[in-house]
Amino acid sequence: MKTLISFELRKLFSRRLTQAALLAVLLLSILFTSSTYRNMYAFDGKSRDGSGREAVEIDRSIAEKYAGILTDEKVQQMMSDFAPESSLDLHGMNAAYLYHNATQSAAFRRFSDLNGRWNGLTVSDVFGDEVIRIGYINGWLETSQNMTVIFLVLSLVIITMIAPVFSGEYSGVDQILLTTRYGRTRCAAAKVLAGILAALSVTAVVSATQFFPALLLYGSDGLRCSILFAPAGFLDGFIPFNLTCGTLFAYQILLIFTGAVSVSGITFLVSAASKSPMTALAVSAAAYLLPALLPVSETSSLFRYLTLLPVYHVQFVSLMSIEQISGGILYALWAVPVSLTFLGIGSLASSRIYAKHQVK
Amino acid sequence: MELKIIRLTKTFDSKNAVDDLMLTLSNGVYGLLGANGAGKTTLMRLLCGLQRPTSGKITLNGKNITGLGERYQSLLGYLPQHFGYYPDFTAYEFLLYISALKGLSDTAAKKKSAALLEAVGLAAERKHKIKTFSGGMKQRLGIAQAMLNDPRILILDEPTAGLDPKERVRFRNLISAFARDRIVILSTHIVSDVEYIAEDIILMKSGQIIHFGKPQEITAELNGQVWEFAVPAAQAERYAAAFDTSNLRHTDSGKTVLRVIADRPPAAHAIQVPPNLEDLYLFYSREAAGQSTMLTQRFRGAADQADMLTQKLTHKSEDDADQQHPFRTIRSRTEMERKINDHTNCNRIMNHEGGIKE
């Protein structure tokens, strides 16, 4: 069986289209990381500003000043430190949208009025009983946002890679394969195992190209901090739970893998039933992406079920926004049995279709 | 070992590709002949389990092959007529892969793959990617993969297609050495390959078996009906169209020697020769293709061939504006022969081997 799986892997990775697609997604990942890093901007409110590495250093040094549990004293200190010197600084805008640096943005978002003065709210007013650990999380949250795009593309790459697993054989090799001893049994199993192994491998590699550079560039301190004290424009508005950045990442990585598993299951099934790899690719991609276009709002009772479809595993914010199951366990964990169901149905049905395939 | 085909039918869109076939095959080499569309490939696919019969069954030693599953497949070797391959695999990798599917151990796979690459003359190209191979090389690789598991039932669909004469000889020798105590079924349009290798011939037409037996037995049907004669090269085409011509050979003297099938001498100087398998195959192939309606009738004994030829040519002469052609004014068989003789200015004696003596 190991020999068969290794040959199936060889077939999967030897296709030019797959190689090009994998190279493209790796380049996209590197491009996103580098451009995000280079485009970061921070101003300490006094004299120092910069972009890229300088911006990260400014943000981290400011965050370190307030690092730890968020208290009312720290809030007051921030409001004082970041107060606009004159109303001209705001150019008539709401101070909550003013961005000098990540900590200032996070503080103003919750504790400032229109003019950048304290709005009178305490930490418990804003966060209730939650204990909010703050620190530098900006870089990690940027990385998380990038990953939603990169892994959406990776899902399509996985479809491209797996679409020919069965359908590619129907162009003539099937006549040889299906007359061999294991052609209708172990061959199909090897294809499924190799396909899922390949999908998980490329997901792991691309995840690594996001996680490790982020660790190098932004440090690990932020992983222990709450996502609720995020700068404006990040996830806190959508994921209203006091998760650490590390937990968020763990969920996101888990959902990326469940997405890869689910999309593999769908593609196996479509591949076995399609006559050509191109048909399999188009149908699988449509089946994967179309649920994202359905007009179902968050208030609909269908929303929680819709978000369990694979495209929402990768676009994880919607799935993560649904209430907890209990004891801090998020609803998003349902993605695990759902993905295994997709894989189970996909692999069993595809193996059966392939085993019963008749050469035309 | 006995492979039995029992009332086997395969229907595609209401057309019977294989039609109520009955056949029993035991160890030996069987040549499957028939025109395109005769049902050869469908029969082979049914034997390989690649297609399910519409009705009927195939049994191996009394057991339906459908129920035998892997036990049947492990006895089988199959070379399809047109098969796909993995362009980025080397020849050796491809054989190792198929070996794994056939259940060979790694050691056995390596040994057998190397031996077969040597046997089909691809040892030097074992590390070359298949995408760099010519059609003949791919065909030889296909033959090698079919034999990896030392199959007890070897089914080869057009195995010599694309092979040059030297490769064909190599293939014949390979099969002859391999065939002992096995069932080997091969189809080809190159009749001489079958004549050399096959002990029995299965001749198919319209999904049915119309002849089954030793080559000399089934060609006996044409005894006394195969003729050779020479005509001027300019008239050879006309003769070839009028008769069921199995061979046409130009000579240095400007004449063309025709080998035709007819139940009466097609020309006064025509010499009767022993029929071969090619004559039989061609006769049925042309008949199936509708190229010789007149001869179909002749073969059925429904009309006198020479008279029909006369009628045909006369009819053509009435329709054809070109009245200058020598055939256009022929009114009877005798007259036709005289005309032919006049035009060939034939002073030659043909021997029974078809050679020409001046």
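To find a chain, count down the sequence lines: A is the first, B the second, and so on, and within it residues start at 1. Small disclaimer: the values here were computed from a predicted structure and weren't measured.
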- Message: Within the supplied structure, the quantity of interest is the number of heavy atoms (other residues, nucleotides, ligands) at a distance under 6.0 Å from K111(B) NZ; does it exceed 12?
- Response: no

- Message: Tell me the closest heavy-atom pair linking L50(B) and R184(A), and the distance in Å.
- Response: CA-NH2, 3.9 Å

- Contact origin within T3(A) toward chain B - heavy atom pairs under 4.5 Å: side chain

- chain A contact via R45(B) - side chain, backbone, both or neither, heavy atoms under 4.5 Å: side chain

- Query: Nearest heavy-atom pair of S74(B) and R181(A): which atoms, and what distance?
  - Reply: CB-CD, 3.8 Å

- Between atom CD of Q51(B) and atom CD of Q358(A), what is the distance when rounded to the nearest 0.5 Å? 6.0 Å

- Item | More than 12 heavy atoms of other groups within 6.0 Å of K138(B) NZ | yes

- Task: Give the member of G142(B), P87(B), P80(B) that has the highest number of heavy-atom pairs under 4.5 Å with chain A.
- Result: P80(B)

- Message: Less than 4.5 Å to any heavy atom of chain A: does that hold for the side chain of F89(B), its backbone, both, or neither?
- Response: both

- Task: Output the option from Y86(B), F12(B), Y78(B), Y72(B) having the highest count of non-hydrogen pairs under 4.5 Å with chain A.
- Result: Y86(B)

- Message: Nearest 0.5 Å, please: how far is CG in D88(B) from CZ in R10(A)?
- Response: 6.5 Å

- Message: With a sphere of 6.0 Å drawn around NZ of K10(B), does it hold more than 12 non-hydrogen atoms of other residues, nucleotides or ligands?
- Response: yes

- Task: Let me know if D106(B) has heavy atoms under 4.5 Å from chain A in its side chain, its backbone, both or neither.
- Result: side chain

- Message: Can you tell me how far apart NZ (K129(B)) and OG (S14(A)) are? Round to the nearest 0.5 Å.
- Response: 8.0 Å

- Contact leader toward chain B among L178(A), L177(A), I176(A), where contacts are heavy-atom pairs under 4.5 Å: I176(A)

- Could you check which of D174(A), V173(A), L4(A) has the highest count of heavy-atom pairs closer than 4.5 Å to chain B? V173(A)

- Task: State which residue, out of I155(B), L79(B), L76(B), fulfils the side chain to side chain contact (heavy atoms under 4.5 Å, CB included) condition with T179(A).
- Result: L76(B)

- Answer yes or no: does atom CE of M1(A) have more than 12 heavy-atom neighbours from other residues, nucleotides or ligands under 6.0 Å? yes

- Item | Heavy-atom proximity to chain A below 4.5 Å, by part of Y85(B) | backbone

- Task: Determine the option with the most heavy-atom pairs under 4.5 angstrom with chain B, choosing from K11(A), K356(A), R186(A).
- Result: K11(A)

- Query: Is the closest side-chain heavy-atom distance between E8(A) and Y97(B) below 4.5 Å?
  - Reply: yes

- In terms of heavy-atom proximity below 4.5 Å to chain A, should Q145(B) be classed as side chain, backbone, both, or neither? side chain

